[in-house]
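The sequence lines fix the lettering, A, B, ..., with proteins before strands; numbering per chain opens at 1.
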There are 2 protein chains.
Amino acid sequence: MEDNLFECTVLHEETVKKVKETMPEDGIIYDLAELFKVFADSTRMKIIYALLKEELCVCDIASIVQTTQSAISHQLRILKQTKLVKYRKEGKVVYYSLDDDHIAEIVKKGREHIDEL
Amino acid sequence: MEDNLFECTVLHEETVKKVKETMPEDGIIYDLAELFKVFADSTRMKIIYALLKEELCVCDIASIVQTTQSAISHQLRILKQTKLVKYRKEGKVVYYSLDDDHIAEIVKKGREHIDEL
DNA sequence: TAAACATATGAATATATATTCATATGTTTC
DNA sequence: GAAACATATGAATATATATTCATATGTTTA
């Protein structure tokens, strides 16, 4: 009659109850996972690193990342949708830059972890 | 004769050269993307949040995350391989806990970004 | 040592997503 | 307004990966 589907006799009920209460809503968890998904691809990570330095147009990025304009453009769309980059147009050229101070910090923390392994 | 495959006349050569010099090696970028990949799944994010509170056994985690023991175990393997969690055995029960201080910081920075949108 | 139990794992399936290719859109210049 | 150019995008393909199911492994207890 317990509401856990997990037939398990060593379950620490008090602990589980306490931890459950502190868990963020599923929506928050989902959004967090979605955010980190953006950082979870080499191409996008390269784009982010490049933009950490300065504003760049699409063909600059393609040259730096050594990938096709199309692939870059698709990835920039994702970065745009998740509000990690902003852009401005100058004629037919589009300049992208980072749109959030947290990005640098997240990358830095990740880098610290990597460097300590 | 340029070494860029990107037929693009507005390329900012000086800028591109400068940024290229500051880019981390591909290996670092790859490792970073792999790290963030671990955070990029709702189930793993829930496990991480649960373990932020305290050490838990597999069936506790399954109960908190409301998923099967098998799914949790598969995800814990990934968290183990990437050195984000450690474990200790007590008889047939296995207790998992976070293995790195950066994890909390990375999640916190991500959360700050989410909360500001 | 056999049964009960906690956890781990291999294989299969389903789903997500990165890249490529072709082409569309929008801007500038002649 | 036509050609050249920078960027965007839809469709298709290929690859990665999360979950499920069945079962294996290892530990405790009767």
Side-chain angles (χ1 to χ4, degrees), chain A residues 4-13 16 29-30 33-48 55-82 85-97, chain B residues 4-13 16 29-30 33-48 55-82 85-97:
Chain A
N4 63 73
L5 324 152
F6 326 100
E7 300 311 328
C8 170
T9 62
V10 304
L11 195 121
H12 305 75
E13 300 196 22
V16 166
I29 296 277
Y30 178 84
E34 287 300 303
L35 172 64
F36 286 119
K37 223 169 262 183
V38 182
F39 293 88
D41 174 81
S42 293
T43 301
R44 283 192 298 267
M45 186 55 72
K46 284 180 191 171
I47 294 174
I48 290 169
E55 178 184 74
L56 296 165
C57 73
V58 176
C59 72
D60 290 343
I61 298 173
S63 171
I64 291 165
V65 176
Q66 294 279 100
T67 305
T68 63
Q69 174 270 321
S70 181
I72 295 294
S73 196
H74 277 296
Q75 296 306 335
L76 284 171
R77 181 169 42 78
I78 292 171
L79 289 163
K80 227 185 311 180
Q81 283 169 349
T82 52
V85 301
K86 58 179 187 289
Y87 65 96
R88 68 184 177 85
K89 284 184 157 182
E90 205 170 272
K92 59 188 168 185
V93 185
V94 182
Y95 292 91
Y96 283 86
S97 56
Chain B
N4 65 70
L5 324 151
F6 324 99
E7 302 310 329
C8 170
T9 61
V10 302
L11 195 122
H12 305 75
E13 300 197 22
V16 166
I29 297 277
Y30 178 83
E34 287 299 304
L35 172 64
F36 287 119
K37 222 169 263 183
V38 182
F39 294 87
D41 175 80
S42 293
T43 301
R44 283 192 297 268
M45 185 56 71
K46 284 179 190 170
I47 294 174
I48 290 169
E55 178 184 74
L56 296 166
C57 74
V58 177
C59 73
D60 291 344
I61 299 173
S63 172
I64 292 165
V65 176
Q66 294 278 99
T67 306
T68 63
Q69 174 271 321
S70 181
I72 294 296
S73 197
H74 278 295
Q75 296 306 335
L76 284 172
R77 181 169 43 77
I78 292 171
L79 290 163
K80 228 184 314 180
Q81 285 170 348
T82 52
V85 302
K86 58 179 185 292
Y87 65 97
R88 69 183 177 86
K89 283 184 159 180
E90 206 169 90
K92 60 188 170 184
V93 185
V94 182
Y95 292 92
Y96 283 86
S97 56

Seminar exercise, completed: Partner of D:dT23 under the Watson-Crick or G-U wobble criteria, both distances under 3.5 Å, comes out as C:dA8
Exercise. Tell me: CG of B:L76 to P of C:dA6, nearest whole Å?
Worked result: 16 Å
For this session: Using whole Å, report how far CG of B:D41 lies from C1' of C:dT15.
Result: 12 Å
Exercise. Does any N or O donor sit under 3.5 Å from an N or O acceptor when you compare the side chain of B:S70 with the base of D:dT19?
Worked result: no
Exercise. Nearest nucleotide by nearest heavy atom, which residue falls closer to the 5' end of DNA chain C, A:A40 or B:K89?
Worked result: B:K89
Problem set entry | Length of the CG-C1' vector between A:L79 and C:dT17, whole Å | 14 Å
For this session: Please work out if A:I61 contacts a base, only the sugar-phosphate, or nothing of the nucleic acid, heavy-atom cut-off 4.0 Å.
Result: nothing
Problem set entry | Donor-acceptor contact present, side-chain B:R77 to main-chain B:I72, <3.5 Å | no
Problem set entry | Closest to side chain of A:Q69, choosing from C:dG10, D:dT7, C:dA8 | D:dT7
Exercise. Rounded to whole angstroms, how far apart are NZ on B:K92 and P on C:dA8?
Worked result: 14 Å
Exercise. Looking at B:K37 and B:R44, what are the two nearest heavy atoms and their distance?
Worked result: O-NH2, 3.0 Å
Problem set entry | B:I78 CD1 to B:K80 NZ distance, which is reported to the nearest 0.5 Å | 11.0 Å
For this session: Could you state the atom-to-atom distance from OH of A:Y95 to P of D:dA6 in whole Å?
Result: 11 Å
For this session: Indicate yes or no for a side-chain donor-acceptor contact from A:S63 to the backbone of A:C59 under 3.5 Å, with no hydrogens or angles considered.
Result: no
Problem set entry | Geometric class of the B:Y96/B:Y87 ring pair [parallel <30°, tilted 30-60°, perpendicular >60°] | tilted
Exercise. Is the shortest side-chain N/O distance from A:K37 to OP1 or OP2 of C:dT17 below 4.0 Å?
Worked result: yes
Exercise. Rounding to a whole Å, what distance do you find between A:D60:CG and D:dA6:P?
Worked result: 11 Å
Exercise. A:H74 stacking on D:dT9: centroids under 5.5 Å, ring planes under 30°?
Worked result: yes
Problem set entry | Atom-to-atom span, CD1 of A:I47 to P of C:dT19 - whole angstrom | 9 Å
Problem set entry | Any B:T43 side-chain N or O less than 4.0 Å from OP1/OP2 of D:dA18 | no
Problem set entry | Side-chain donor/acceptor of A:D60 to backbone N/O of B:V16, under 3.5 Å | no
Seminar exercise, completed: Out of D:dC21, D:dA6, C:dA8, minimum distance to the side chain of B:T9 belongs to D:dA6
For this session: Answer yes or no: does a side-chain N or O of A:T68 lie under 4.0 Å from OP1 or OP2 of C:dT20?
Result: yes
Exercise. Just to confirm, is there a sub-4.0 Å distance from OP1 or OP2 of C:dT17 to any side-chain nitrogen or oxygen of A:R44?
Worked result: no
Problem set entry | OP1 or OP2 of D:dA8 under 4.0 Å from side-chain N/O of A:Y96 | yes
For this session: Take atom CD of B:Q81 and atom C1' of D:dT17, then tell me their distance rounded to the nearest Å.
Result: 13 Å
For this session: On DNA chain C, check which nucleotide each of B:V94 and A:A71 is closest to and give me the residue with the more 5' one.
Result: B:V94
Exercise. Does A:Q75 make a side-chain N or O approach to OP1 or OP2 of C:dT19 shorter than 4.0 Å?
Worked result: yes
For this session: Can you figure out which of C:dT9, C:dT7, D:dT27 approaches the side chain of B:R77 most closely?
Result: C:dT9
